Amino acid sequence: MNTHDPDFEHVVETRSVDEDIGARDSLTDDIVALLDDGRTMVEAEIQFQRTRAAFALDRGRAGAFYGVVAFALIHLALVALVVGLVIALSPIIGPWAATAGVVGVLIVAGLVLAMMARRRFARLARAYSETRE
């Protein structure tokens, strides 16, 4: 269509300067409100995470305490078992042989478990070294 065409209606919307300023104020207000809402959301999220961390710390502290006490009691039970084995074997094979036998079994068991742990850690290290390449 040509602008010289008599059937062409050319409607130009004109806005006054006051309307244009009002539109800008509205956009500015919207942006300021958006920033305020964003700030409020960030502050609320930070407070939520702080509360969550405090809760986890409280529960974790109690869990760690119970875990340490459980580990200590199990350790004492195993020491009592070792002493009991030495005492029980002493009349049969003598105190020195009983001590040597119990210590020998514990050392062998410890070495076997250490080798198993080493093998697991080596597999883990290989898995991470393969992903780096």
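In what follows, residues are counted from 1 in the order of the sequence shown. When reading the values below, keep in mind they use all heavy atoms of this one structure, side chains included, and skip hydrogens, waters and symmetry mates. In this text, all values refer to a predicted model and were calculated from it rather than measured experimentally.
Contact between S90 and V86 at its shortest, heavy atoms only, is OG-O, 2.7 Å.
Atoms CG and CG, from L76 and L81 in turn, are 12.5 Å apart once rounded to the nearest 0.5 Å.
Hydrophobic clustering (side-chain heavy atoms under 4.5 Å, transitive across Ile, Leu, Val, Met, Phe, Trp, Tyr) groups L106 together with L85. By the rule that hydrophobic residues join a cluster once side-chain heavy atoms approach within less than 4.5 Å of another member, Y66 and V69 end up as members of one cluster. Hydrophobic clustering places I93 together with V102 (ILVMFWY residues linked when any side-chain heavy atoms are closer than 4.5 Å, directly or through intermediates).
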Self-check item: Steps toward side-chain contact (heavy atoms from CB on, under 4.5 Å) verdict (R39, D36)
Solution: CA-CA 5 Å; R39 185 178 306 124; D36 285 341; 3.1 Å; yes
Please tabulate, for side-chain N and O atoms in residues 43-53, each donor-acceptor pair with protein atoms closer than 3.5 Å (sequence neighbours left out).
residue: E45; atom: OE2; partner: Q49; partner atom: NE2; Å: 2.8
residue: T51; atom: OG1; partner: Q47; partner atom: O; Å: 3.0

